Asks: 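A single structure is presented below for examination.
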Amino acid sequence: MNYIRTSIVIFFNFLSLVAGSSGDLTEDVCKKSTNYKLCVSFLRANPRSSSADKKGLVCIMIQLSLTKAKNIYNQTLIILKQPMEPILQQCLQICRDNYDLAVSQITSSIKYLDENNFDMVNDGISGATTFSVTYKESFTEWHSVRKDPLKARSDDFFHFNDITLSLLDNFQMIVKSLSLAAPYKTMV
């Protein structure tokens, strides 16, 4: 009975990896993302993607997310050096603090990905995405009187992480299904 069950699990896992494959891993992976065009665009822009496996593609996206978070954090520091109204300064300090936390969360996520601790990777990327939303609320608390100078970058960061999380979720499902089959292989 276990042999049949193992064979079925392995067959369907293999089928899911091979069936419908265009031979281009980047395209195949991005088809399952929340935004195919952006996913392909981001991954193809990175020279390492052509030789990466699925986990490598997820890692590239997380590293790109880290770069985006650091860029927003650094841009916030530059803006904060300029004279401005105290309310705007408070909003931007909240932004700086949130993106500092985002950088920390994403950095930890890269470490957790290396350790195959996918739940912690997901928590880190999700947390970083939440920080980008939280800081925006500071601009609306004062009746939307202040314009967020980093809105476009922050929105891009949010959508980028949505794509990254969808790739991570897909990869995590594949790994879990293969790990469920692994104990049965040893019984055969």
Side-chain angles (χ1 to χ4, degrees), residues 26-27 29-49 52 54-82 84-85 87-115 117-142 144-173:
T26 298
E27 283 189 17
V29 166
C30 289
K31 283 178 186 174
K32 297 174 183 164
S33 75
T34 55
N35 190 321
Y36 171 78
K37 287 182 180 180
L38 282 178
C39 177
V40 169
S41 171
F42 285 123
L43 286 174
R44 289 246 166 88
N46 189 304
R48 293 178 303 143
S49 68
K54 289 182 181 184
K55 182 178 179 181
L57 294 176
V58 172
C59 186
I60 289 168
M61 291 294 282
I62 294 172
Q63 289 169 338
L64 290 170
S65 177
L66 178 61
T67 299
K68 287 178 176 291
K70 285 180 177 179
N71 287 341
I72 295 170
Y73 174 80
N74 289 332
Q75 188 63 38
T76 305
L77 294 177
I78 291 167
I79 294 171
L80 280 168
K81 290 179 182 176
Q82 301 169 4
M84 65 188 75
E85 297 175 72
I87 291 174
L88 182 57
Q89 185 175 15
Q90 287 175 339
C91 293
L92 288 168
Q93 286 169 340
I94 292 169
C95 177
R96 178 202 59 210
D97 295 345
N98 277 288
Y99 274 98
D100 186 35
L101 291 170
V103 166
S104 176
Q105 290 277 347
I106 298 168
T107 301
S108 294
S109 292
I110 293 169
K111 179 187 74 141
Y112 289 128
L113 184 67
D114 290 340
E115 297 169 357
N117 189 340
F118 304 114
D119 290 334
M120 292 302 291
V121 176
N122 194 314
D123 288 349
I125 301 300
S126 296
T129 305
T130 302
F131 293 138
S132 74
V133 173
T134 303
Y135 105 83
K136 286 189 231 179
E137 293 171 358
S138 68
F139 283 90
T140 59
E141 286 177 1
W142 290 290
S144 300
V145 181
R146 306 298 175 260
K147 184 179 182 224
D148 177 1
L150 299 167
K151 183 181 182 336
R153 289 178 191 223
S154 186
D155 289 346
D156 174 62
F157 179 75
F158 178 85
H159 294 298
F160 183 85
N161 281 334
D162 185 48
I163 296 168
T164 302
L165 285 168
S166 69
L167 293 183
L168 176 63
D169 289 344
N170 182 264
F171 178 70
Q172 190 174 3
M173 285 190 319

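Each residue takes its place number in the sequence, starting with 1. Worth saying up front: this structure is predicted, and the values here are computed from it rather than measured.
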Asks: Show the nearest heavy-atom pair for residues Lys151 and Tyr135, with the distance to one decimal.
Replies: N-OH, 4.0 Å

Asks: Leu92 versus Phe139: any side-chain heavy-atom pair under 4.5 Å?
Replies: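 Side chain of Leu92 against side chain of Phe139, heavy atoms only: contact under 4.5 Å found.
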
Asks: Is there a side-chain contact between Lys32 and Leu167 in this structure, where contact means two heavy atoms from C-beta onward sitting under 4.5 Å apart?
Replies: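 Lys32 does not reach Leu167 side chain to side chain.
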
Asks: Hey, what do you get for CZ (Phe160) to CD1 (Ile125), rounding to the nearest 0.5 Å?
Replies: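 Answer for the CZ-CD1 pair, Phe160 versus Ile125, is 9.0 Å.
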
Asks: Between Val29 and Leu57, what is the shortest heavy-atom contact and its length?
Replies: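 Heavy-atom minimum between the residues: CG2-CD1, 3.8 Å.
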
Asks: What I'd like to find out is whether the side chain of Asp155 reaches to under 4.5 Å of the side chain of Lys136, using heavy atoms alone.
Replies: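 The answer is yes; the side chains approach within 4.5 Å.
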
Asks: List in chain and number order the residues that pass side-chain hydrogen bond (donor to acceptor under 3.5 Å, both in side chains) with Asp156, two or more places apart in sequence or in another chain; answer none if no residue qualifies.
Replies: Lys68

Asks: Can you pull out every side-chain hydrogen bond (donor to acceptor under 3.5 Å, both in side chains) where at least one residue sits in residues 158-173? Sequence neighbours excluded, please.
Replies: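 Checked against side-chain hydrogen bond (donor to acceptor under 3.5 Å, both in side chains) - neighbours excluded - the pairs reaching residues 158-173 are Thr34-Asp162, Ser65-Asn161, Asp119-Gln172, Asn122-Asp169, Thr129-Asn161.
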
Asks: Of all residues at least two apart in sequence or in a different chain, which pass the salt bridge (Lys or Arg N to Asp or Glu O under 4.0 Å) check with Glu115?
Replies: none

Asks: Which residue is it: Val121, Leu64, Leu113? I am looking for the one with a side chain to side chain contact (heavy atoms under 4.5 Å, CB included) to Cys59.
Replies: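 Single pass found, and it is Leu113.
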
Asks: On a heavy-atom basis, which atom in Cys91 and which in Ser138 lie closest, and how many Å separate them?
Replies: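 Here Cys91 and Ser138 meet closest at SG-O, 3.4 Å.
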
Asks: So which heavy atom on Arg153 is nearest to which on Ile72, and how close?
Replies: O-CD1, 3.5 Å

Asks: Nearest 0.5 Å, please: how far is CE in Met173 from CG in Leu168?
Replies: 10.5 Å

Asks: For Phe118, check ring-ring contact (aromatic ring centres under 6.0 Å, His included) against everything at least two apart and list the hits.
Replies: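 Result, ring-ring contact (aromatic ring centres under 6.0 Å, His included) vs Phe118: Phe171.
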
Asks: Determine the minimum heavy-atom distance between Phe157 and Ser132, stating which atoms define it.
Replies: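 The pair with the smallest heavy-atom distance is CD2-CB, 3.6 Å.
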
Asks: Under 4.5 Å between any side-chain heavy atoms of Tyr99 and Ser154, yes or no?
Replies: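 Tyr99 reaches Ser154 side chain to side chain.
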
Asks: Which pair of heavy atoms, one from Thr26 and one from Val40, lies closest together, and at what distance?
Replies: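 Closest approach of Thr26 to Val40, heavy atoms only: CG2-CA, 4.3 Å.
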
Asks: Side chain of Asp100, backbone of Arg96: donor and acceptor closer than 3.5 Å?
Replies: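 Not at all, since once roles are kept as given, no pair shorter than 3.5 Å links the two residues.
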
Asks: Drop me the distance from Gln93's CD to Thr76's OG1, to the nearest 0.5 angstrom.
Replies: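 Output value for this atom pair is 11.0 Å.
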
Asks: Is Leu101 close to Asp97 at the side-chain level, that is, under 4.5 Å between some pair of heavy atoms?
Replies: no

Asks: Does the side chain of Leu77 come within less than 4.5 Å of Asn74's, by heavy atoms?
Replies: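 Counting from C-beta outward, Asn74 and Leu77 do come under 4.5 Å.
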
Asks: What pairs with Cys95 under disulfide bond (SG atoms under 2.5 Å apart), at least two apart in sequence or on another chain?
Replies: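 Per chain and number, Cys95 pairs via disulfide bond (SG atoms under 2.5 Å apart) with no residue.
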
Asks: Are more than 12 heavy atoms, taken from residues, nucleotides or ligands other than Lys70, located less than 6.0 Å from that residue's NZ atom?
Replies: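 No, NZ of Lys70 has 12 or fewer neighbouring heavy atoms, counting only those of other groups under 6.0 Å.
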
Asks: Write out all pairs satisfying side-chain hydrogen bond (donor to acceptor under 3.5 Å, both in side chains) with one or both partners inside residues 102-114, taking only residues at least two apart or from two chains.
Replies: none

Asks: The test is side-chain contact (heavy atoms from CB on, under 4.5 Å); show your working for Leu150 and Ile79 and say whether it passes.
Replies: CA-CA 10 Å; Leu150 299 167; Ile79 294 171; 3.9 Å; yes

